[in-house]
2 protein chains.
Amino acid sequence: MRGRLQAAAWALYAERGYDRTTTAEIAARAGVTERTFFRYFPDKREVAFDGSAEFMASFTDAIAAAPAGLGPMEVLLRAFRSMEPMLADNRAVNEPRQAVIGATPALRERQSAKAAAMTAALTQALRDRGVEAKLAALSAQTGMALWDHAVRAWYEDPSVGLGVHLDRAVQALRQLSAGDA
Amino acid sequence: MRGRLQAAAWALYAERGYDRTTTAEIAARAGVTERTFFRYFPDKREVAFDGSAEFMASFTDAIAAAPAGLGPMEVLLRAFRSMEPMLADNRAVNEPRQAVIGATPALRERQSAKAAAMTAALTQALRDRGVEAKLAALSAQTGMALWDHAVRAWYEDPSVGLGVHLDRAVQALRQLSAGDA
DNA sequence: GTCTATACTGAGATAGAC
DNA sequence: GTCTATCTCAGTATAGAC
């Protein structure tokens with residue numbers, strides 16, 4: 001049912017836009033009542049981000065699984081690299097999804113919140129490895145910046161793997177931070 | 001009127017919490033009707049972030065005003081340092097504000113969106129100086145991470161200035177990014 | 001599954017400033 | 001008279017309580 005509601009929501013969001021779609025319509029297209037919609041999703045926005053919890057869990061699991069003795073950034077970069085297969089699979093799904101999200105302020109706001117939650121989760125995963133709190137937060141935020149940069153570059157140029165783009169992002173970061181303070 | 005509505009909203013948010021405060025109550029306390037509230041604020045959340053546009057403008061103005069020939073990170077750090085007086089003034093106002101925001105999911109979500117908007121504004125300000133798009137984005141995101149780190153450290157330890165904490169944040173970043181990729 | 005509170009929108013009327 | 005701010009009224013949709 002979750003999947004049917006999601007499919008119905010995406011179809012309607014794409015057809016008429018998020019704002020012009022009511023939760024009643026989504027439910028009707030899925031063949032259930034409006035109330036059922038809210039049993040599966042806490043609010044109308046959340047439908048657009050289903051699966052983000054699993055994605056986040058993959059990250060934090062990879063961080064927890066990294067060998068001991070690595071620095072925080074090394075741990076994050078390893079985790080990022082481990083996500084490449086999953087990212088490649090989801091690419092075809094994500095691009096139209098992003099188009100709708102980008103065109104809808106309410107969904108962009110939720111996406112910002114999701115990104116913040118992801119950063120918080122990375123921070124916590126690093127702290128669980130013994131990294132001091134503020135350093136963990138700085139690492140997680142910087143890591144997210146690298147991740148963003150690499151993913152964007154990879155979307156532009158898929159001829160090389162995400163790993164290569166991550167290396168380049170790290171290079172760029174080193175140059176940036178080496179500049180005079 | 002804007003100020004009266006804001007004051008009323010903050011008083012009620014602090015008294016009974018954001019969720020248990022209705023827009024009608026805010027308006028009533030300010031001596032106007034509910035409809036008037038929505039003439040000044042697009043939604044109930046936005047009252048809590050009044051002035052953020054001006055804050056953002058200060059940042060981007062400082063970036064635009066920086067001398068030519070500096071690298072993106074140098075430009076950002078200069079802008080950050082220029083914000084210290086304003087930050088010191090607002091500290092007494094911001095701390096209780098943050099308490100309410102932190103306790104309210106809806107306001108935290110809006111705050112994430114504001115942070116994302118700030119990052120986007122920094123990115124654009126760097127691009128206006130001729131910095132390439134993805135490098136500008138990476139710089140802005142990394143800069144925000146430094147800013148966060150420094151501000152948090154400064155709240156914990158105000159015995160030294162924000163500038164000192166910024167220097168330390170840059171040091172930490174260098175160590176992080178110097179680690180093996 | 002039903003009912004209700006409340007956030008938000010739109011159109012038009014009123015009143016005061018200039 | 002024009003402009004702008006506020007109010008009045010009527011309504012829809014989300015979300016939560018029961």
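Below, chain A is the first sequence line, B the second, and so on; all start at residue 1.
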Ionic contact status for A:Glu109 with A:Lys114, cut-off 4.0 Å: no
Transitive ILVMFWY side-chain link A:Tyr155 to A:Met86, under 4.5 Å: yes
Strand-adjacent residues in residues 31-46 of chain A, judged by heavy atoms under 4.0 Å from DNA chain C: A:Thr33, A:Arg35
Sorted by number, the residues of residues 10-21 of chain A with heavy-atom contact under 4.0 Å to DNA chain C: none
Pairs involving residues 135-149 of chain B, ordered by first then second residue, that meet side-chain hydrogen bond (donor to acceptor under 3.5 Å, both in side chains) (sequence neighbours left out): B:Asp148-B:Arg152
Heavy-atom check, side chain of B:Arg39 versus side chain of B:Val32, under 4.5 Å: no
Geometric class of the A:Phe59/A:Phe55 ring pair [parallel <30°, tilted 30-60°, perpendicular >60°]: perpendicular
Under 3.5 Å side-chain donor-acceptor pair for A:Gln124 and A:Asp128: yes
Cation-pi, A:Tyr13 ring and A:Arg20 (6.0 angstrom, 45 degrees): no
